[in-house]
Every structure is written in C-alpha cells, then in structure tokens.
2 protein chains.
Amino acid sequence: MKSMKISEAVVRRLPIYLRFLNELNRMNVTTVSSQDLGSKLDLNPAQIRKDLAYFGEFGKKGIGYDVKYLIEKIRQILKLDQRIQVALVGAGNLGRALCNYNAYLQDNMKIVAVFDAEKSKIGQNMNNLTVLPMSELTDTIRELQIRIGIITVPASEAQNVADRFVEAGIEAILNFAPVIIKVPPHIRVHHADFTTDLQSLAYYLNKEEEA
Amino acid sequence: MKSMKISEAVVRRLPIYLRFLNELNRMNVTTVSSQDLGSKLDLNPAQIRKDLAYFGEFGKKGIGYDVKYLIEKIRQILKLDQRIQVALVGAGNLGRALCNYNAYLQDNMKIVAVFDAEKSKIGQNMNNLTVLPMSELTDTIRELQIRIGIITVPASEAQNVADRFVEAGIEAILNFAPVIIKVPPHIRVHHADFTTDLQSLAYYLNKEEEA
DNA sequence: TAGATTGTTAATCGATTAACAATC
DNA sequence: TAGATTGTTAATCGATTAACAATC
C-alpha cells in the first residue's frame, strides 16, 4: 500500500540496503536474496523482505531481487532520483570534512553552498565551494532550490541557524551540534551528534579496566 | 534491579539527559522535574522517569531530581566517572574534526592517540597529538590502556582497522566509514555514518519540488 | 518436478505512554 | 494540609521474527 505510513526504522535501513546493492552492482552481481543481504548487513532476512514489501513487490519468488532494479526502486523511494541540493552552515573542521564527502553521496545529492558567520572564514575555499556570509543564506537557498540544511556550528549557535534555515524554506535538517534544536512539525530533523554516540558507547565497556 | 538488561534506546538517551543537566548546573539550577526535562528534550516525562528508574530511585516525590546528584549518577552509569581513553584511526578531515571535539567530550573521555596508514600524514600535529604509523597501534593501545576506537578511514579500509582494534584489545568501536563492519560479539560497535543519515532525510522531503 | 525464495500473516517481543498510589 | 511529582504497574502501541502458502 503506497499510502500507509512507514516507520522511521524502515527508512533508516533503506540507505544501507542501497549502499550494499550498489557495491554488488559494481561487482556485476545481478541477483541477491534477502538471505544474502541479511547476512552481510547483520539483519533478519524476514525484516528485509518486509521492509521492501511496504513499497511494492520487487522480488521474484524462488529467485530473489534483481540488483539493478532494486537499486532503482530504492532510489525512487528515497527520492534520490531527483536532484537534492544541500546547504551547510559552519565552515569549521567538521564542515570541511563533510564537504569532502560530496563524492560519497549519491550522485544527485550534493552540498552546493557553505556559510559561516565569521568574517575570517568567508571567501575561503572548501572543496570547490566558496564560503558565503550568513547574510546571503536566504537568497542562496531560494535561488539554488536547496532543500536540506546541515548544521556544523557550535551548540550555542545551532538553534539560530535552524531558525534561519526554516525561515528560508528548507525542508529537512541534519544537526551535528550537540544540542536538541526545535523546529516546526513539518520540518524533519535528524541529530548526528558524535559526543552522545561516544558517551553511550562507554556504557558497554567492561567494569573497571584500570586499578 | 541492577542486573536486568537495559535497552539500547535507554542508554542512548542517558547522554542527552546528562548534557542538559550539565547545562542546568552551569545555570545554577538545582532541581528539575521529568516534566521540565521532557519538554526541553522532546521526550515523554514518563519515559524519562522510567529510564532513570532502571538504575535507582534518584528523584524525590513532589520535588523532582537534584541536578548535581543526577549528573553524578548518570556519569556513574555511563562509566564517565572513569578515565576512558580513545584512539582514532584516519587522520583526514573528519579525524581532525573529531580530535578538535575533545573539549566537548566529558572530561574523563579523551582521544589520546591518532594513527594513519599514509606516510604523508605521519608526524603531523592534530590538536596536540602527533599522528602515529599503524605499526605502533597495538603497542600504543595497550600502553595507554585505550578502550574505545574511532574509525575515520575510507570504507575500503574500515574492516582492516576494526580487526586491528579488536586484536589490540579495544572494547568498543565508533565507525564513521560508510560500511558495516564485523566484530566478535563481545565488542560493541556503533555506526555513525553521515551519508546514510542524509539519504534517509531525503525520504521525508515533499514530493517533487522542482518541475 | 524439486529447490529456492518471496510476500504476508500470525506470533512474539520490546518499547512507549497513561494512570495513579505513594509521598515529599 | 494541598499541590506537585516520583516510581511503577498496566495498557497501548509498534517493531521484529517465525512460519508458510504461493510461485518462480
């Protein structure tokens, strides 16, 4: 059923499927079973079949999934078959690192504009992009039809940047700042905070290693 | 009950509580209710109370939680009251960015060694650390009692690095490379892959913005 | 045909939320 | 005491997994 609402967990797995399918495709593998996918990605095969079945009948009983066809379908589902322009605010080390990942992103998705509030950063070159002042944010986002915003500024500035993004009409935000940002309900926010990741890892360490 | 197993979702929320509690503490707020926490962090108050109750009775009925006391308790739970040394492999832009986050990490947790396979990177300075060759990885991890490893190398190298970490006795890994890595069951791995984050965000964009 | 694997239903498992007695 | 808020149980909601008929 096209119109039932899909859980976030399912959506988060789709890019992982896609990445491995692309790898298989590069290796000229033409067909893959949910079994194969599951063992490679550490997921239950039934879960993979169910995830995909939310969107259509992509497989063939007794055979599995056609790699190229499934890639095409997942790209459509994730809207990666459209051009998706991304803006980044915060031209520090992290921002620079992410800009360099442009190559890793799916062809149509690209960081196309970088902004910073600090005078010293403006005009700098970052992976072929020139760092722009915040005053140009709104116009640039509208002109380039930028739909996703990335925040890599310090925590104290993150909410301000989010507000600017929302005002400029961005539809989704990926926030790397270590703070929860508030946005209107129609805007999607993902938090990608490496400090909380690392701190939760500590929980799983063994008791006290050191004396 | 101390010995019941705690769900991953709970553990992932603890650092978020901790971060906000630290902020309250800096602002000299001494007491906080699950209500307050919930509205600030966009979480259900009942969930917060339940999360905390897994570990003990930290609150006072009719009053709420003592900020300083709760900070202390969560730090204990997450083992952030111990010194936790972290190693990072991959001295590229992302690695450099993460090293600079050292200040953001909870006092006792620190990146204390950086490695890279490329000759040109070795000897470089990264936030007061000298980039070391891979040949020194095992010895350094043992000598400095490093317990967590961060992977910021290209996808093709990530599994190799993970294997080296495991062999050297690391207990947990935070992997930034866009690939699923395999480790023995006693090693904890978190994946912090920004490309899949961004791709799943695309799903939530509105239909077709452009013509 | 025999073997393999999907799509899907039913069963299980787990996580979130509501409700409220206990009590500060 | 009256009001507030916890800790916890029960109810709800949602996600994962098992099982299997359909079928390539």
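Sequence lines set the chain letters: A, B, ... in the order given, protein chains first and strands last, and positions in each chain run from 1.
Pair check for dC24(D) finds dG3(C); Watson-Crick or G-U wobble, both atom distances under 3.5 Å. The partner of dA10(D), taking Watson-Crick or G-U wobble pairs whose two distances both stay under 3.5 Å, is dT17(C).
Separating the CG atom in Leu201(B) from the NE2 atom in His190(A) is a distance of 4.5 Å, to the nearest 0.5 Å.
To the nearest angstrom, C1' of dG7(C) lies 12 Å from CZ of Phe58(A). Whole-Å rounding puts the Lys61(A) NZ to dC24(D) C1' distance at 9 Å. Computed from coordinates, the Gln47(A) CD to dT9(C) C1' distance equals 17 Å when rounded to whole Å. Computed from coordinates, the Phe55(B) CZ to dG7(D) P distance equals 13 Å when rounded to whole Å. Computed from coordinates, the Ile48(A) CD1 to dG7(C) P distance equals 12 Å when rounded to whole Å.
Among the nucleotides dG7(D), dC24(D), dT5(D), the one closest to the side chain of Lys60(A) is dC24(D). Comparing dA19(C), dG7(D), dA19(D) by their nearest atom to the side chain of Ala46(B) picks out dA19(C). The side chain of Ala53(B) sits closest to dT8(D) out of dC24(C), dT8(D), dT16(D).
Between Asn44(A) and Gly62(B), the residue whose closest nucleotide on DNA chain D is further toward the 5' end is Gly62(B). Residues Lys50(B) and Asp36(B) each lie close to DNA chain D; by heavy-atom proximity, the contact nearer the 5' end of the strand is made by Asp36(B). Nearest-nucleotide mapping onto DNA chain C: of Gln35(A) and Asp51(B), the residue sitting toward the 5' end is Gln35(A).
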Would Asp51(B) and Gln47(B) satisfy side-chain hydrogen bond (donor to acceptor under 3.5 Å, both in side chains), going step by step from the backbone distance to the final call? CA-CA 6 Å; Asp51(B) 283 356; Gln47(B) 180 171 65; 5.4 Å; no
Please determine whether side-chain contact (heavy atoms from CB on, under 4.5 Å) holds for the pair Phe55(B) and Leu14(B), giving the CA-CA distance in whole Å, both sets of side-chain angles, and the decisive distance to 0.1 Å. CA-CA 11 Å; Phe55(B) 303 99; Leu14(B) 294 178; 3.9 Å; yes
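Side-chain nitrogen and oxygen atoms of Arg49(A) include none within less than 4.0 Å of the OP1 or OP2 phosphate oxygen of dG7(C). Side-chain nitrogen and oxygen atoms of Tyr65(B) include at least one within less than 4.0 Å of the OP1 or OP2 phosphate oxygen of dG7(D). Taking side-chain N and O atoms only, Arg13(B) has no distance below 4.0 Å to OP1 or OP2 of dA15(C). OP1 or OP2 of dA15(D) has at least one side-chain nitrogen or oxygen of Ser7(A) nearer than 4.0 Å. OP1 or OP2 of dT6(C) lies within a sub-4.0 Å distance of a side-chain N or O belonging to Ser34(A).
Nucleic acid contact class of Glu57(A) (heavy atoms, under 4.0 Å, all strands): sugar-phosphate only.
Taking a cutoff of 4.0 Å between a charged side-chain nitrogen and a carboxylate oxygen, Arg164(B) and Glu157(B) do not qualify as a salt bridge.
Both tests do not hold together for Lys60(B) against Tyr65(B): distance to the six-membered ring centre under 6.0 Å, angle to the ring axis within 45°.
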